[in-house]
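FYI, the numbering just counts along the sequence from 1. Counting starts at 1 for both ligands and their atoms, in listed order. This structure is a prediction, so every number in the text was calculated from the model and none was measured.
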Amino acid sequence: MHNHVLASAPSKVILFGEHAVVYGEPAIAIALNLRTSVMIEESSEYSVDGKPLDEKYHKYIKTAIQMLWDGKPLEIITASVVPSASGMGSSASITVAMVSGLLAMKGKVNEREVALKSFEVEYATQGSGSPIDTSTVTHGKGILVLNSPEEKLLWSVKKGNTEWHIHHLELPKLKLVVGFSGIKGHTPEMVKKVRRFYNWNSFARDVIKEIGKITLRAIEPLENEDYEEIGKLMNENNKLLTILGVGHPMLKKMIDASLKHSYGAKITGAGGGGCMIALTDEQDEVVREIEAVGGKAYKVEISEEGYTIENHL
Ligand code: MEV
């Protein structure tokens, strides 16, 4: 038992398979070195960053506490460099930081438990979605989601009829640039929009399956550092995401601008705003191109570290 803890978690981008993963299709995501930290300490009343704990502003923190904590009230201080509602996993990042911190305060914490509980917290808060974000942010590095267990399985998750098997994926050092449109994306709304299309239209179901196939085709080029092929597959994945209706004119502008200096580029995350991602050898040029059309660009690196815990403040 500890009465205070400092926990942190990275953010993430999805390289392949967003939206399709909600239906159990394969997907690949990596953790990013932009982190969220929480300092949690027992106190006389609940507060977050000096303000009362509020359902409206602290949804994920509140749900995590409701689901995992029955001790004294907590004072929580947060610090994050992840832009919110951007598609970079800001909600998964705060959720995993909170969940790992609360589990550590209760005295037991391991990666699998953090991933599974974090998915429950995110799902309860958003009412939809897959475990890809919370699993990536928990584990760090790269992950591959498959519909059956294979070598390098980390954990499996089931919700209704859908099963996700989360695997560790060894990745080369990818030079990536993330472009934020400045327009907040609303993940649950975008997931719902795709769900309506999926339920109603067999063409949409085919598109989802096709995205799953692209993800599988990306595994080998990722292992072999075949950037040309990875880029081509990112472009194909992007076309299919656009067909699903999760594009946005600002995302398109940034993608087109980045392609001059990139192997490939695509929407990343839920879309409808939020972020795009480009794979490149020329990060500085891509940053410049994205900012020239009004986006905010981040040169990003894979985070080897998933969640971290420090008990001795
Ligand atoms: C959001 O980062 C990824 C989506 O596939 C939703 C999910 O998997 O929960 C759009």
Check your understanding: Do any heavy atoms of Glu122 fall under 4.0 Å from ligand 1?
Key ->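 Distance cut 4.0 Å: Glu122 fails for ligand 1.
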
Within ligand 1, which atoms have a heavy atom of [X] less than 4.0 Å away?
X: Val21; value: 5 (O), 8 (O)
X: Val22; value: 5 (O), 6 (C), 7 (C), 8 (O)
X: Ile132; value: 8 (O)
X: Gly129; value: 9 (O)
X: Glu18; value: 5 (O)

Exercise for review: Check whether more than 12 heavy atoms from other residues, nucleotides or ligands sit under 6.0 Å from atom NZ of Lys59, and answer yes or no.
Suggested key: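 Not buried by this count: 12 neighbours or fewer within 6.0 Å.
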
Check your understanding: Can Lys209 and Glu25 be counted as an ion pair, charged N to O under 4.0 angstrom?
Key ->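 Salt bridge absent between Lys209 and Glu25.
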
**Study point:** Presence of salt bridge, Lys299 and Asp284, under 4.0 angstrom
**Key:**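 Salt bridge: yes.
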
Which residue supplies the protein heavy atom nearest to [atom], what is that atom called, and how far is it?
atom: atom 3 (C) of ligand 1; result: Ile14 CD1, 3.6 Å
atom: atom 2 (O) of ligand 1; result: Asp133 OD2, 2.9 Å
atom: atom 4 (C) of ligand 1; result: His19 N, 3.9 Å

Practice item. Examine Ile76 and Leu102 and state if one hydrophobic cluster contains both, with Ile, Leu, Val, Met, Phe, Trp and Tyr joined whenever side-chain heavy atoms are less than 4.5 Å apart. Key: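 Yes, it is one cluster - the side chains of Ile76 and Leu102 are joined through contacts under 4.5 Å.
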
Point to revise | Within 45° cone of Tyr263 ring axis and under 6.0 Å: Lys232 NZ or CZ | key: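 No, cation not above the ring by the 6.0 Å, 45° rule.
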
Exercise for review: Looking only at distances, please establish whether an N/O atom of ligand 1 is found under 3.5 Å from an N/O atom of Ser130.
Suggested key: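 It does: an N or O of Ser130 is found under 3.5 Å from an N or O of ligand 1.
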
Review point. Could an N or O of ligand 1 be found under 3.5 Å from any N or O of Lys12, whether backbone or side chain?
Key: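 Between Lys12 and ligand 1, an N or O pair is found under 3.5 Å apart.
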
Check your understanding: Between Tyr23 and Tyr198, how do the two ring planes meet: parallel, tilted or perpendicular, split at 30° and 60°?
Key ->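 Correct class here is parallel.
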
**Study point:** Short side-chain to backbone donor-acceptor contact, Ser93 and Pro10, under 3.5 Å
**Key:**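 Pair found, side chain donor or acceptor close to backbone of Pro10.
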
**Study point:** Full working for side-chain hydrogen bond (donor to acceptor under 3.5 Å, both in side chains) between His261 and Glu285
**Key:** CA-CA 7 Å; His261 298 279; Glu285 279 80 354; 5.5 Å; no

